[in-house]
Amino acid sequence: MNTGNREKTEGNGRPEGEKSHFIRQIIEADIASGKYSGRVVTRFPPEPNGYLHIGHAKSICLNFGLARQYRGRCHLRFDDTNPMKENVEYVDSIKEDVRWLGFDWDDHEYFASDYFDRLYEYALELIRSGNAYVDSLSPDQIREYRGTLSEPGKESPYRNRSVEESLELFEKMRQGEFAEGECVLRAKIDMSSPNIVMRDPTLYRIRRMSHHRTVDKWCIYPMYDFAHCLSDSMEGITHSLCTLEFENNRELYDWILAKLDVYHPQQIEFARLNLSNTVLSKRRLIHLVEGGYVDGWDDPRMPTISGFRRRGYTPASIRDFCERIGVARRDSMVDLALLEHCVREDLNKNAMRVMGVLRPLKVVIENYPEDETETLTAINNPEDQSMGTRDVPFSRVIYIERGDFMEDPPKKFFRLAPGREVRLRYAYFIRCTDVIRDESGGIVELRCTYDPETRGGDAPDGRKVKSTLHWVAASHAVQGTVRLYDHLFTVENPAEKKDAMAFLNQESLEVLTGCMLEPELEHAAAGQRYQFERLGYFYADHKDSAPGRPVFNRIVTLRDTWAKIQKTQKKIS
RNA sequence: UGAGGGUUGGUCUAGUGGCAAGACGACGGGUUCUGGCCCCGUUAACCCAGGUUCGAAUCCUGGACCCUCAGCCA
């Protein structure tokens, strides 16, 4: 009997942690009614014209997750109907991102461009049945004829061309006998429809441009509205999930499939993800990269999947996040703190603990023997005893965090101060006896004494200390680079600002060199994640880190109560 | 202004005529060799106005506000 978590249910037949939402309800109703004879087939249909971001992750988790949950399948389909914008390099990055997130499309990998022949046949059929015509109006004229939100449009003078003439013209379009913009194929629907999408929408346009897959076979390309519904239909998709901005297009989706009398999936719209303190529109993301505000698409500050991967986020934490935010139809702004919570929760359970001093302050333990080094035992993960222990060297000169010492400590500062005793984690109690300064008065070194009786971290006399510090023995320290990342923007919703870039966080990246790390980290494998105790979770950067020369990205800080106290103290004073 | 959607604590999401629930956050406390984790507690919401009903977040009517659409983009 499997009593694993995934098998537990809450009485609705749904595994725990997968909450009810309107799309699941629709699917369950469809399964119950036998609407698609119980099949569930979804698809993730990216346009290969850019990198995937966390908003796409929501859609990926939804589509692939639903297929997994209801034992259906999910297709990966590249919506490559516009050769002006699309490129193979994006196809590869998209596949890599979907796989990294933990999803598999088996052999269900499709390209809208693979359907160009059949799509062309469907277009012919629409012309023959009097439901489409070739229009010779210019792009500007088409816009004028379309009308406005409150006024109906006018019919094109070419609208009532004979079927034969349209057929002939469409064939000539395909043959390349027209220049771009000279004519288009339009659906013949209703120029006075209150839904502007239905005012004779363009189905095919001319693009004298080579396509990343069909190369020069075509010079006419189908529009999204035409290609998408028919691709869904041909693949036997049952539930075609898309974002709210396609709501107005659903009427056209249904119209095309009805006129062609083909298998008819249902389009269901949900709200796209908005995440606080960042931007998710393709335009703004491109601006960040091309304007040099970040270091590329996979800059760890970017909300792209590759950015999160580079930062050190785990796929599981992103999947968990996508499940927790839910699926609904209202516009929303999810707090970045939720994503951070998800990755902390994952890493708390799974990441090995180590000690690393980011801003070192030298400490000499005056009563500790000059040339001695001893080995102490540290626990690798208190949340998972099976991860075992490791040896940590200790000697007379160590480094502690500069922020862990204050000469004139405020009320709630529990750490080291002159005359005060603290614990060095897994080592000894030390007491600060002296502060050494340089000419300009800066603190360069601390003198301390240790209590040999406290080896391992406990005092036999039962006395307590208020605080435990992390530390690294100078004699064995490994030097490394650590990059501290913070929110990309200082405001919750930069996209609503007229000048979003003015709200870029100037401190979103701080590079620290000369960090002192425990020897364990000298050969930290690239791609490894650690908790630096008391600081946060860190990732050995898979591009820049090398054996003996580690480079870490801070994934997220630990929750920091002291930082909060400092913040409120600053506000008061 | 035409059409299509939407509105539940600070944030996200449940609730589909019968005690407004959960998560995140914030705040307070306990515990602790991580000011972490964990545990306990507090805070805090049905857009408004009418109506139907024994009873309305839910149904009806009216209103307010927000989002989407006038690409030969997706």
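Lettering of chains follows the sequences in order, A, B, ..., and the numbering in each one begins at 1.
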Report the distance from atom CG of A:Asp560 to atom P of B:A26, rounded to the nearest whole Å.
-> 11 Å
Pairwise P distance for B:U1 and B:C66, with rounding to whole Å = 11 Å
Considering only the C1' atoms, how many Å lie between B:U58 and B:U7, rounded to the nearest integer?
-> 14 Å
Taking the same atom, C1', in B:A57 and in B:G9, what whole-Å distance lies between them?
-> 14 Å
Would you please name every residue forming a side-chain hydrogen bond (donor to acceptor under 3.5 Å, both in side chains) with A:Asn348, sequence neighbours left out?
-> A:Arg353
P atoms of B:C72 and B:A3, separation to the nearest Å | 23 Å
Touch class at under 4.0 angstrom, heavy-atom based, for A:Thr561 against every strand present | sugar-phosphate
Give a yes-or-no answer on whether the side chains of A:Tyr133 and A:Asp200 include a donor-acceptor pair shorter than 3.5 Å.
-> yes
Give a yes or no on whether a donor-acceptor pair under 3.5 Å exists between the nucleobase atoms of B:U1, that is its base, and the side chain of A:Glu151.
-> no
Considering only the C1' atoms, how many Å lie between B:U53 and B:G17, rounded to the nearest integer?
-> 9 Å
Span that lies between the P atom of B:A26 and that of B:G10, in whole angstrom = 15 Å
Can you name the residues that form a side-chain hydrogen bond (donor to acceptor under 3.5 Å, both in side chains) with A:Asp451, not counting sequence neighbours?
-> A:Arg463
Roughly how far apart are A:His228 NE2 and A:Ile237 CD1, rounded to 0.5 Å?
-> 8.5 Å
Hits for side-chain contact (heavy atoms from CB on, under 4.5 Å) against A:Thr561, two or more places apart or cross-chain, chain-then-number order -> A:Ile565
Mind jotting down which residue pairs meet the ring pair (Phe, Tyr, Trp, His ring centres under 6.0 Å) criterion with at least one end in residues 316-357 of chain A? Sequence neighbours excluded, please.
-> none
So, does the side chain of A:Arg324 form a donor-acceptor pair with the base of B:U13 at under 3.5 Å?
-> no
Identify whether any heavy atom of A:Arg186 sits under 4.0 Å from a base atom; if not, whether one sits that close to sugar-phosphate; answer base, sugar-phosphate or nothing.
-> nothing
Residue-phosphate contact under 4.0 Å: A:Arg330 side-chain N/O, B:U7 OP1/OP2 | yes
What's the CG-P distance between A:Asn493 and B:C12, to the nearest Å?
-> 11 Å
Give A:Phe178 one of three labels, base, sugar-phosphate or nothing, depending on what nucleic acid heavy atoms sit under 4.0 Å from its own.
-> nothing
For RNA chain B, what residues of residues 339-352 of chain A have any heavy atom nearer than 4.0 Å?
-> A:His341, A:Asn348
A:His470 NE2 to B:G36 P, straight-line distance once rounded to whole Å = 15 Å
Please work out if A:Glu492 contacts a base, only the sugar-phosphate, or nothing of the nucleic acid, heavy-atom cut-off 4.0 Å.
-> nothing
Could you run down the sub-3.5 Å N/O contacts of the protein with nucleotides 46-48 of chain B?
none

A:Arg431 NZ/CZ over A:Tyr450 ring centroid, <6.0 Å and within 45° of normal = no
Could A:Arg77 and A:Phe44 be counted as a cation-pi pair, given that NZ or CZ must be under 6.0 Å from the ring centre and within 45° of the axis?
-> no
Output the distance between atom CG (A:Asp225) and atom CG (A:Asn249), rounded to the nearest 0.5 Å.
-> 4.5 Å
Do the ring centers of A:Tyr204 and A:Phe170 come within less than 6.0 Å of each other?
-> yes
Between A:Leu273 (CG) and B:C24 (C1'), how many Å, whole number?
-> 14 Å
Distance-only donor-acceptor test, A:Arg329 side-chain atoms vs B:U7 base atoms, 3.5 Å = no
Using a cut-off of 4.0 Å on non-hydrogen atoms, how would the nucleic acid contact of A:Arg559 be classed: base, sugar-phosphate, or nothing?
-> sugar-phosphate
Does A:Phe413 have its ring centroid less than 6.0 Å away from the ring centroid of A:Trp562?
-> yes
Looking for any heavy atom pair under 4.0 Å, which part of the strands does A:Leu424 touch: base, sugar-phosphate only, or nothing?
-> nothing
If only side-chain N and O atoms of A:Lys19 are considered, is one of them under 4.0 Å from the OP1 or OP2 phosphate oxygen of B:G15?
-> no
Measure centre to centre between the rings of A:Phe394 and A:Tyr428, then say whether the value is under 6.0 Å.
-> yes
What orientation do A:Tyr221 and A:Phe116 show, parallel under 30°, tilted 30 to 60°, or perpendicular over 60°?
-> perpendicular
Provide the full list of salt bridge (Lys or Arg N to Asp or Glu O under 4.0 Å) pairs with a residue in residues 529-539 of chain A, sequence neighbours left out, each pair given once.
-> A:Asp404-A:Arg534, A:Arg425-A:Glu533
Please check if the distance between the ring centroids of A:Phe78 and A:Tyr90 is under 6.0 Å.
-> no
Please check if the side chain of A:Asn277 supplies one atom and the backbone of A:Phe489 the other of a donor-acceptor pair under 3.5 Å.
-> yes
Pairing residues for A:Glu245 by the side-chain hydrogen bond (donor to acceptor under 3.5 Å, both in side chains) criterion, not counting sequence neighbours = A:Thr243, A:Arg272
Write out all pairs satisfying salt bridge (Lys or Arg N to Asp or Glu O under 4.0 Å) with one or both partners inside residues 177-197 of chain A, taking only residues at least two apart or from two chains.
-> A:Asp135-A:Arg186
Rounded to whole angstrom units, what separation is found between the CG atom of A:Asn380 and the C1' atom of B:C37?
-> 16 Å
Closest to the A:Gln25 side chain, choosing from B:A23, B:G15, B:U34 = B:G15
When we call it a touch if two heavy atoms are under 4.0 Å apart, what does A:Glu383 touch: a base, just sugar-phosphate, or nothing?
-> base
Return no unless some side-chain N or O of A:Ser332 is found under 4.0 Å from OP1 or OP2 of B:U11.
-> no
With a 6.0 Å cut-off on ring centres, are A:Phe538 and A:Phe532 close enough?
-> yes
Below 4.0 angstrom from OP1 or OP2 of B:G4, is there any side-chain N or O of A:Arg250?
-> no
Syn/anti state for B:G55 [syn: chi within 90° of 0] = anti
Under 4.0 angstrom between A:Ser276 side-chain N/O and B:U11 OP1 or OP2 | no
Any stems for RNA chain B, made of 3 or more Watson-Crick or G-U pairs in a row, each with both distances under 3.5 Å?
-> B:2-7 with B:64-69, B:10-13 with B:21-24, B:26-30 with B:38-42, B:47-51 with B:59-63
With respect to the phosphate group of B:G4, does any side-chain polar atom (N or O) of A:Gln267 fall under 4.0 Å of OP1 or OP2?
-> no
Closest nucleotide among B:C12, B:U34, B:G35 to the A:Ile325 side chain = B:C12
When the P atoms of B:A56 and B:A20 are considered, how many whole Å apart are they?
-> 11 Å
Whole-angstrom distance between B:G15 and B:U8, as gauged at atom C1' | 9 Å
Sorted by number, the residues of residues 457-465 of chain A with heavy-atom contact under 4.0 Å to RNA chain B = A:Gly457, A:Asp458
Is the gap between the ring centers of A:Tyr224 and A:Phe246 under 6.0 Å?
-> yes
Please report, rounded to the nearest Å, how far the C1' atom of B:U13 is from the CG atom of A:Asp320.
-> 14 Å
Reading nucleotides 64-74 of chain B from the 5' end, what letters show protein touch, with B for base, S for backbone sugar-phosphate only, - for no heavy atom under 4.0 Å?
-> ---SBBBSBBB
